[in-house]
Amino acid sequence: MSLNEKQFYEFDLLNKILSNATIVTMTIHFSSIDRYVNIEFSINFRKDYSYLRVLVKDLITVSINQNLDSINQQLHAYKFFFDGDCYYLSLDPDEMNSLISEDDQDVFIFRKLEAIII
């Protein structure tokens, strides 16, 4: 299944697909023309889906606190929401605050997304 940012946002509201997912790879590419982040997830503990690839396009901001030891972290919580004219995704959120927080880590703010779920 291939989804754009709006479809994935609505799909994720219903399914919480990233819960208990594990980051398999994360590739961040910046250039003046094509700034994007590619994140692949292994979806654990689900019978309906096993893999998610998220290609974040039209990137506005990235704030990463990952290293080789933490890149395979399991996601027990995350924030993903629409904020004005862009989307906000935190893979390591401040769970006490449902809005944007300075304590959120591994943050991506973007306008477009392509998700593939298998």
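With contacts defined as side-chain heavy-atom distances shorter than 4.5 Å, the pair Phe11/Ile117 qualifies. Inter-residue side-chain proximity for Asp106 and Ile23 is flagged as unmet; no heavy-atom pair is nearer than 4.5 Å. Taking 4.5 Å as the limit, some side-chain heavy atom of Ile17 sits within range of a side-chain heavy atom of Phe8. Two residues are said to be in side-chain contact when any heavy atoms from C-beta on lie closer than 4.5 Å; Phe108 and Val54 fail this criterion. The side-chain heavy atoms of Tyr87 and Val56, taken from C-beta on, include no pair separated by under 4.5 Å.
The line from CD of Glu114 to CD of Glu5 is 10.0 Å long, rounded to the nearest 0.5 Å. In this structure, the separation between NZ on Lys112 and CG on Leu59 is 13.0 Å, given to the nearest 0.5 Å. Between the CZ atom of Phe82 and the NZ atom of Lys6 there is a distance of 9.5 Å, given to the nearest 0.5 Å.
Applying the salt bridge (charged side-chain N to carboxylate O under 4.0 Å, His left out) test to every pair with at least one member in residues 92-103, sequence neighbours left out, gives no pairs at all.
Other residues sharing a hydrophobic cluster with Ile118 under the 4.5 Å side-chain heavy-atom criterion for ILVMFWY residues are Tyr51, Ile116.
In summary, the side chains of Tyr49 and Asn15 do not present any donor paired with an acceptor at a separation below 3.5 Å, with no hydrogens or angles considered.
Summarising the geometry of Phe41 relative to Val24, their closest heavy-atom pair is C-CG2, 3.9 Å, with the distance given to 0.1 Å.
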